[in-house]
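Just so you know, residue 1 is the first one in the sequence shown, and it goes up from there. Remember, it's 1-based here, ligands and their atoms both numbered in the order they're listed.
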Amino acid sequence: MSEKDTILEHLQRQGVSRRSFLKFCTLAASSMALPLSSISVIADVLATSARPKVIWLSAQECTGCSETLLRAYDQYPVEKLLLEMISLDYHNTLMAPSGLAAEKSRLDSIAGGGHVVVIDGSVPLKENGAWSVVGGRTILDVIEESVVGAALIIAVGNCAAYGGLPGAFPNPTDAHGIDDLITNLKKITTTAPLVNIPGCPPIPEVLTGVIVNFIISNYQAPAVDGLKRPLAYYGSLVHDNCSRLAHYKLGNFAKSFDDAGARQGFCLLELGCKGTVTHNACTTKKWNNNTSFPMLSGHGCLGCSEPNFWDRKGGFYKSL
Ligand code: SF4
Ligand code: F3S
C-alpha cells in the first residue's frame, strides 16, 4: 500500500514539529466535523500509518485545482503538511523527474497497487483523444492504466467531476468527466470507488479532509451523495449558512451590485445567485485561510460545484 516509513517518521525527518502535526490533526477533525475527542485518534492513526501513494493526473484543465491545493499559508500550512503525509509519486507540475523517469515513478506506484489516483481536468474523446496527450499517449490511456489496482479515485474540480468548462456547449473536444467515462461510457474499467470533489476550483480543505479521512478510516472511501460528493462537505446548500440568509428570509433583495441594499448585505438572488441550488462548503469552510466566500464578498454563487454550471440557462446573472 505504501512506503515503508510511517507518516510520523517521515514528518520528523522533514523537520515538522509535533505541535504542527497536532495542529494539523485538530484542523482535520474540525474540517470533517468530528468531535474534539477524535483528535488523539487521528494523531495516533496518522503517526503509525504508512504514507499512501498518490498519482495525480492532469487532463484538460487550467491547473487551478493544483493551485488550490498548493496554496500554503504562513500561519496555516495545512496543505503543505498534507503533501508530506502522502507520497506524491507523479504530478505533471510538481515532480522533479521528467520524461521516462517520470513515467517510471508512475509505473512503480501502480505496480504495488493500493494507490490513490487523483485526476483534474476533463477527458476528450474527439479525434481518438488527441486533444489531451502525455508522452505520446492519450490521457484516457494513461488513466486506464493508472487506475488498475487503485484503492481510491478522486476527481478534483468541476472538469474532472462533470466535464466543466471544456465540456460546456458546444463541447468542441467531446470532453467528459471521470464518472461519465466509468459509469455511462464504460471507457474506464475499475473497481476502485470514485469520489468527486467538484468546484471551480474546489476548496483545498476538502481534498485535504478526504485524503486524511481515507488514511484514518483504513483506506475506505467517505460517505457520498448521489453525485459521488463527500457528504461531510457537500451535504448542505451554500445558501443554508450564507451571511445574507436573514435578508433572504425578510425578502430584502439587492437590485444591483452597488446599491445600498447590496452594501447592507441584502440577498443577491435577483442578481443571479445560485446558492439555493448549490451544494458546497464555501459558507462554512470559507476561502483564503477561512477569510470569506463569494456572497460575503458581494458576488452571487455561480453554482461551480454542480454539473453543467457553465451552461445554466440564462447565465450567471439571471435570477433563478
Ligand atoms: Fe442564498 Fe445567495 Fe441570497 Fe446568500 S445571497 S441568501 S446564497 S440566495
Ligand atoms: Fe463556487 Fe458558489 Fe462556492 S460559485 S466557490 S460553490 S459560493
Side-chain angles (χ1 to χ4, degrees), residues 31 61-69 71 79 120 155-165 167-168 177 195-210 224-320:
S31 145
E61 45 81 38
C62 67
T63 313
C65 294
S66 290
E67 279 292 329
T68 197
L69 173 68
R71 278 194 74 86
E79 287 73 30
D120 66 338
V156 173
N158 197 292
C159 301
Y162 314 126
L165 180 60
V195 176
N196 283 330
I197 303 183
C200 193
I203 299 170
E205 271 182 54
V206 175
L207 180 58
T208 307
V210 167
V224 294
D225 68 7
L227 291 171
K228 298 190 169 68
R229 301 176 293 196
L231 279 169
Y233 302 102
Y234 295 88
S236 306
L237 295 164
V238 294
H239 171 79
D240 294 342
N241 295 290
C242 180
S243 53
R244 297 174 188 262
L245 183 59
H247 284 296
Y248 171 91
K249 289 180 176 168
L250 289 169
N252 294 333
F253 299 105
K255 306 299 176 194
S256 74
F257 283 112
D258 58 354
D259 69 10
R263 287 197 290 275
Q264 284 173 53
F266 282 16
C267 173
L268 303 172
L269 182 77
E270 294 185 3
L271 298 173
C273 181
K274 308 296 186 293
T276 52
V277 293
T278 302
H279 296 82
N280 206 343
C282 308
T283 44
T284 48
K285 301 291 163 226
K286 299 187 184 172
W287 287 87
N288 296 326
N289 196 8
N290 202 32
T291 303
S292 189
F293 52 85
M295 295 73 83
L296 188 58
S297 305
H299 198 283
C301 169
L302 305 180
C304 79
S305 55
E306 298 294 332
N308 307 317
F309 83 102
W310 291 98
D311 286 334
R312 193 185 289 277
K313 204 170 169 198
F316 292 155
Y317 297 103
K318 181 158 182 197
S319 171
L320 286 169

Looking only at atom types and distance, does a side-chain atom of Arg244 sit under 3.5 Å from a main-chain N or O of Ala262, one as donor and one as acceptor? yes

Report yes if some heavy atom in the side chain of Leu268 is under 4.5 Å from a heavy atom in the side chain of Glu270; otherwise report no. no

Spell out the protein N/O/S atoms under 2.8 Å from atom 3 (Fe) of ligand 2 as residue plus atom name. Cys282 SG

With a cut-off of 2.8 Å, which protein N/O/S atoms are close to atom 3 (Fe) of ligand 1, if we only count those under it? Cys267 SG

Test your reading of the model: is there a side-chain donor-acceptor pair from Asn196 to the backbone of Leu227, 3.5 Å cut-off? yes

May I ask you to test the Thr278-Ser305 pair for a side-chain heavy-atom distance under 4.5 Å? yes

Thr276 side chain near Tyr248 side chain, heavy-atom distance below 4.5 Å: yes

Taking the side chain as every heavy atom from C-beta outward, state whether Cys301 and Phe309 have any pair of such atoms under 4.5 Å apart. no

Only one of Phe257, Phe293, Phe316 passes ring-ring contact (aromatic ring centres under 6.0 Å, His included) with His299, and that residue is Phe257

Salt-bridge contact Glu205-Lys286 (side-chain N to carboxylate O under 4.0 Å): no

To the nearest 0.5 Å, tell me how far His279 NE2 sits from Leu231 CG. 9.5 Å

